[in-house]
Participant: 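I'd like to ask some things about the structure below.
Both counts, for ligands and for their atoms, begin at 1 and track the order of listing.
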Amino acid sequence: MATYIVFLGAPGVGKGTQAERLAEELKIPHISTGDLFRENLKNQTELGKKAQYYMDAGQLVPDDVTIEMVKSRISRPDCVNGAILDGFPRTSAQAEAFDQMLKEAYQTEVDFVPCIQVDRELLIDRLSGRRMCPNGHVFHMVYHPPKEDDICDICGQKLYQREDDKAETIEKRLEVYENQTAPLIDYYQKRNVLRFIDGAKDIDAVTMDILAAFKDVTKK
Ligand code: AMP
């Protein structure tokens with residue numbers, strides 16, 4: 001049976017890491033809108049150029065641009081058995097558009113929404129210590145340091161700090177989350193598909209909690 005999953009949670013809660021693990025477990029694609037935008041930015045596409053200003057400022061890219069991008073991704077054949085969305089939807093308009101997309105393309109609905117929660121202080125700590133390589137591998141200066149300073153363990157490329165992981169922008173992103181994305185908790189709770197997950201535990205424990213919640217929500 002096809003399974004469509006939406007990860008909710010503030011920036012820095014570990015959505016990306018957990019979404020990737022779940023995608024591997026369920027053998028369905030992991031779609032991160034942040035990664036899609038960064039990929040477009042790296043390749044200097046029209047979409048990337050449009051998104052850059054908003055991303056650097058820690059603001060949301062306009063709904064119409066974001067929705068179009070997800071629509072074309074979700075309608076690709078590899079999503080026919082399901083997909084894991086990470087970083088989308090982030091507004092009510094996006095959530096409604098996503099419902100519409102799933103209905104039109106696959107005659108189905110969102111099956112499961114893990115909502116990862118972490119204290120604000122820990123979030124700031126996680127975001128400000130985060131480093132990435134140009135291929136998207138993620139490290140943390142304290143919690144997951146690279147073997148060699150500033151070099152990716154996996155591909156040997158130089159690590160950098162995302163522009164929007166700098167202190168001034170982090171505050172803005174957390175504010176945007178509270179105002180625009182947190183209301184989606186209610187949206188999915190009403191349908192009984194949302195479960196809260198404690199994101200302060202270690203990575204493996206969080207994965208286990210998500211899998212247990214997934215089984216619980218999708219059991220017939
Ligand atoms: P992320 O890697 O998920 O933190 O996303 C990085 C940035 O990409 C965000 O701060 C936004 O500027 C943009 N972005 C990612 N996903 C969305 C979305 N669903 N709606 C609007 N902007 C987004």
Participant: I'd like to check which ligand 1 atoms, numbered from 1 as shown, lie under 4.0 Å from a non-hydrogen atom of T66.
Facilitator: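 Listed by number with element, the hits are 18 (C), 19 (N), 20 (N), 21 (C).
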Participant: Is F88 close to ligand 1, meaning an N/O of one under 3.5 Å from an N/O of the other?
Facilitator: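 So ligand 1 has no N or O lying under 3.5 Å from an N or O of F88.
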Participant: Does any N or O of ligand 1 fall below 3.5 Å from an N or O anywhere on G87, backbone included?
Facilitator: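 Yes, at least one N or O pair falls under 3.5 Å.
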Participant: Would you please classify the geometry between the F214 ring and the F112 ring as parallel, tilted or perpendicular, with 30° and 60° separating the classes?
Facilitator: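 It falls in the tilted class, 30° to 60°.
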Participant: Can you confirm whether the side chains of D164 and T169 place a donor and an acceptor under 3.5 Å from each other?
Facilitator: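 There is no such pair between these side chains.
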Participant: Applying a heavy-atom cut-off of 4.0 Å, say which part of Q59 lies close to ligand 1: side chain, backbone, both or neither.
Facilitator: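 For Q59, the contact with ligand 1 is made by the backbone alone.
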Participant: Looking at T33, which atoms of ligand 1 are within less than 4.0 Å of one of its heavy atoms?
Facilitator: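 Within the 4.0 Å cut-off of T33, ligand 1 contributes 15 (C), 16 (N), 17 (C), 19 (N).
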Participant: Check the pair Y54 / F37 against side chain to side chain contact (heavy atoms under 4.5 Å, CB included), numbers first and verdict last.
Facilitator: CA-CA 11 Å; Y54 301 97; F37 282 131; over 6 Å; no
Participant: Under 4.0 Å from any heavy atom of R173, which atoms of ligand 1 are there?
Facilitator: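 Answer, ordered by atom number: 4 (O).
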Participant: Tell me which part of R162 gets within contact of ligand 1: side chain, backbone, both or neither, using heavy atoms under 4.0 Å.
Facilitator: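 Side chain only.
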Participant: Using distance alone, decide if ligand 1 has a nitrogen or oxygen within less than 3.5 Å of any nitrogen or oxygen in R38.
Facilitator: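 R38 vs ligand 1: N/O contact under 3.5 Å present.
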Participant: I'd like to check which ligand 1 atoms, numbered from 1 as shown, lie under 4.0 Å from a non-hydrogen atom of Q94.
Facilitator: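 Listed by number with element: 18 (C), 19 (N), 20 (N), 21 (C).
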